[in-house]
Protein chains: 2
Amino acid sequence: MDDVEVRELRYFRAVADELNFSRAATRLGIAQPPLSRAIRQLERRIGVQLFVRDTRQVALTPAGHALLAETSRVFDAVSAAVHRTRRAGRSTPSVVVTAKAGVATELLRRIVRGYAELPGAEQVEVVVSGYGEQAAMLRDGRADLAFIGSPAEYAGFDTEPLYSEPRVAALPAGHELASRATLSCRDLVGLPMPQWPDATPAERVYWAGRDYDLPTHGPEIRDSSQLLENVALGQTVGLIPSSLAEHNPRPDIAYRPVLDASPYTTVIAWPAGSTAPWIARFVQIASSQLVTTVIDGPSSP
Amino acid sequence: MDDVEVRELRYFRAVADELNFSRAATRLGIAQPPLSRAIRQLERRIGVQLFVRDTRQVALTPAGHALLAETSRVFDAVSAAVHRTRRAGRSTPSVVVTAKAGVATELLRRIVRGYAELPGAEQVEVVVSGYGEQAAMLRDGRADLAFIGSPAEYAGFDTEPLYSEPRVAALPAGHELASRATLSCRDLVGLPMPQWPDATPAERVYWAGRDYDLPTHGPEIRDSSQLLENVALGQTVGLIPSSLAEHNPRPDIAYRPVLDASPYTTVIAWPAGSTAPWIARFVQIASSQLVTTVIDGPSSP
DNA sequence: GTCATCCATACCCCGAGGGTATAAGCACGG
DNA sequence: CCGTGCTTATACCCTCGGGGTATGGATGAC
């Protein structure tokens with residue numbers, strides 16, 4: 001029925017990426033004829049044509065587009081299986097937790113310590129990763145748990161909210177809005193906003209507060225320090241969690257609370273439906289450590 | 001590196017299920033020696049031992065348990081890829097929407113009609129499926145969109161809430177609590193609650209309102225009509241969305257609002273991170289149709 | 001001790017996956 | 001209008017690995 005193999009999907013994706021059998025074959029390290037044959041076989045197995053190819057051009061059919069959209073889920077699942085199995089097979093299995101840099105360092109440390117004190121607890125490795133990397137690491141199995149922030153990253157995971165922070169606008173020191181004590185989302189409409197590289201449109205809407213039009217101009221941003229640098233240069237305006245502002249006091253940037261912006265919620269996330277025992281324990285520890293932690297910063301009404 | 005193939009994972013799961021190489025081989029339709037060899041090869045590829053086997057017994061190692069937990073994600077992903085590709089390859093591609101029986105029939109019909117009226121809209125197939133089936137259909141690609149209810153089913157999908165309903169308790173007509181006009185969660189503690197078959201512990205906690213201990217006794221339930229039958233027989237007590245109660249007036253069952261129970265939210269769900277254009281259109285239609293629909297029933301404070 | 005059960009080993013076979021050579025289709029330039 | 005270059009498809013061969021059968025070896029039941 002559907003004896004589709006991972007290798008065939010790898011071949012498919014190479015061709016779909018290159019839209020050229022010869023180049024794809026080179027990339028895969030095989031010759032072109034076997035690749036053509038493998039694709040034909042895949043098409044026969046699934047029962048639909050994936051490419052339209054004349055002798056000069058290769059293009060994806062609608063079915064091919066559909067398959068391309070699904071392949072990464074397969075690769076992620078296989079990769080996750082291998083990664084997690086290898087970790088579980090080590091003499092001292094460890095739980096890998098990933099978090100974005102700079103947010104809630106103290107809380108994270110306390111949670112990890114709390115977990116480590118449990119009887120029979122596995123070793124915990126904390127991996128600090130860049131913007132958007134947490135979700136990818138969770139998907140492909142390099143991590144078991146993640147502390148993530150922006151709502152759109154939650155997609156596809158089970159989550160437990162840890163805490164919410166109000167948002168502040170990061171403005172160039174001389175900006176006209178910096179003269180005001182507080183702001184509202186309305187004030188920010190039309191200003192250049194940072195463009196995150198992997199952000200889907202949905203995520204950008206979330207950042208902007210969901211009630212306003214999507215700002216489509218502003219510099220490409222990869223991490224928070226780059227964002228602040230761009231703000232200082234007057235290239236953009238940031239809508240950031242208050243803790244990030246507190247950890248980065250700068251004379252050339254003014255932080256002003258945005259009272260009606262959606263709060264920035266940090267959640268602990270793990271693969272959807274996972275029933276691993278340590279997850280339950282870790283999440284419980286995280287929640288219990290939480291109540292003893294006070295999140296400071298200006299409170300939104 | 002990780003040239004793990006789907007076939008090997010199928011073999012692995014068969015052995016993990018049976019914990020017996022010979023029976024697993026029979027189930028797979030192959031002989032036992034090639035199966036043993038395939039498992040060894042898989043162990044060599046991943047680099048960890050998956051089973052401890054003496055000549056009398058086979059058991060999973062911790063690594064084997066980890067792999068078993070991940071395999072279904074791989075099978076789902078492959079199955080989803082094949083299903084969706086086949087549908088996309090048909091001469092008239094269709095979008096498959098699945099929903100649980102009886103909930104929001106009118107709303108669903110209106111949404112589907114609204115979508116069908118869009119220029120260039122694909123044909124929409126609506127599949128009514130049993131309890132818990134919606135999530136499975138979304139995972140393995142038999143469906144593209146789902147209307148689902150209980151929070152634990154959301155796991156792993158992108159969602160957009162459609163509407164919330166208050167919860168009512170379904171009690172046997174003669175039950176002592178039936179004499180009261182309204183109830184609170186506290187009143188239900190200790191009563192037998194239905195046990196859904198595929199429910200993870202997390203889901204059961206959600207059903208109970210998340211603030212109370214998990215009730216572990218009560219009959220096994222597969223669908224809502226079975227639930228009501230069991231309530232009428234005095235076997236259990238249901239905590240159900242108000243619309244379900246309204247569609248099933250019965251003299252032998254008393255419905256009483258549970259004021260502080262978490263509301264029952266129906267959401268529209270689709271595979272996490274999917275960027276298919278019709279999903280955005282469909283969700284938009286669903287949201288816009290929503291505002292014209294009034295959800296009746298007792299309002300919770 | 002004998003037997004049954006079950007996994008591992010040994011050995012064979014064939015087909016699928018991969019390679020080379022080449023044909024065939026098509027755009028483009030002279 | 002005909003080469004030339006680029007690309008995919010076909011033909012053919014080879015090798016490796018997946019699958020089969022036969023059997024060994026370990027272990028628990030009786």
(message) Counting only side-chain nitrogens and oxygens, does Asn20(B) get under 4.0 Å of the OP1 or OP2 atom of dC7(C)?
(response) yes

(message) Can you measure Ile39(B) atom CD1 to dG18(D) atom P for me and round it to whole angstrom units?
(response) 12 Å

(request) Could you list by number each residue of residues 25-37 of chain A showing a heavy-atom separation from DNA chain C of less than 4.0 Å, or answer none if no residue does? (result) Gly29(A), Ile30(A), Ala31(A), Pro33(A), Pro34(A), Arg37(A)

(message) What is the distance, to the nearest angstrom, from the CD atom on Glu5(B) to the C1' atom on dG18(D)?
(response) 13 Å

(request) Please determine if Glu125(A) and Arg90(A) form a salt bridge, counting it only when a charged side-chain N lies under 4.0 Å from a carboxylate O. (result) yes

(message) Here's a test for you: under side-chain contact (heavy atoms from CB on, under 4.5 Å), which of Leu35(B), Leu50(B), Val4(B) qualifies with Phe12(B)?
(response) Leu50(B)

(request) For Trp278(B) and Tyr115(B), run side-chain contact (heavy atoms from CB on, under 4.5 Å): C-alpha distance rounded to whole Å, both residues' side-chain angles, the deciding distance at 0.1 Å, then the answer. (result) CA-CA 9 Å; Trp278(B) 40 267; Tyr115(B) 181 81; 3.1 Å; yes

(message) Is Ser22(A) close enough to dC6(D) that one of its side-chain N or O atoms is under 4.0 Å from OP1 or OP2 there?
(response) no

(message) Whole angstroms only, please: what is the CG-C1' distance between Leu19(A) and dT8(D)?
(response) 14 Å

(request) Encode nucleotides 24-30 of chain D as B, S and - characters from 5' to 3', where the letter depends on protein heavy atoms closer than 4.0 Å: B to the base, S only to sugar-phosphate, - to neither. (result) --BBS--

(request) Would you indicate what Phe51(B) reaches in the nucleic acid, counting non-hydrogen atoms under 4.0 angstrom: base, sugar-phosphate, or nothing? (result) nothing

(message) Which is more 5' along DNA chain D, the nucleotide nearest Phe21(A) or the one nearest Ala38(B)? Just name the residue.
(response) Phe21(A)

(request) Measure the distance from CZ on Arg7(B) to P on dG17(C) and round it to the nearest whole Å. (result) 10 Å

(request) Kindly say if Arg53(A) contacts the phosphate of dA9(D), meaning a side-chain N or O under 4.0 Å from OP1 or OP2. (result) yes

(message) Counting C-beta onward and ignoring hydrogens, is there a side-chain heavy-atom pair between Ser129(A) and Met137(A) closer than 4.5 Å?
(response) yes

(request) Using a strict 4.0 Å threshold on nitrogen-to-oxygen distance, state whether Glu70(A) and Arg86(B) make a salt bridge. (result) no

(message) Checking His65(B) against Thr61(B) for the side-chain hydrogen bond (donor to acceptor under 3.5 Å, both in side chains) test, could you report, in this order, the C-alpha distance in whole Å, the side-chain angles of both residues, the deciding distance, and whether it holds?
(response) CA-CA 6 Å; His65(B) 274 113; Thr61(B) 61; over 6 Å; no

(request) Establish, yes or no, whether the cationic atom of Arg23(B) lies under 6.0 Å from the six-membered ring centre of Phe21(B) and within 45° of the ring axis. (result) no

(request) Say whether, by atom type as modelled, one donor and one acceptor occur between the side chain of Thr71(A) and the main chain of Leu9(A) under 3.5 angstrom. (result) no

(message) Expressed as a whole number of angstroms, how long is the span from Gln57(A):CD to dA9(D):P?
(response) 14 Å

(message) Under a 3.5 Å distance rule, please check whether Asp158(A) uses its side chain to pair with a backbone N or O of Gly273(A) as donor and acceptor.
(response) yes

(request) Let me know the distance between CG of Asp3(B) and P of dG17(C), rounded to the nearest Å. (result) 14 Å

(request) Could you check how far CZ of Arg40(A) sits from P of dG17(C), rounded to whole Å? (result) 15 Å

(message) Distance check needed: dG15(C) P versus Gln41(A) CD, whole Å only.
(response) 15 Å

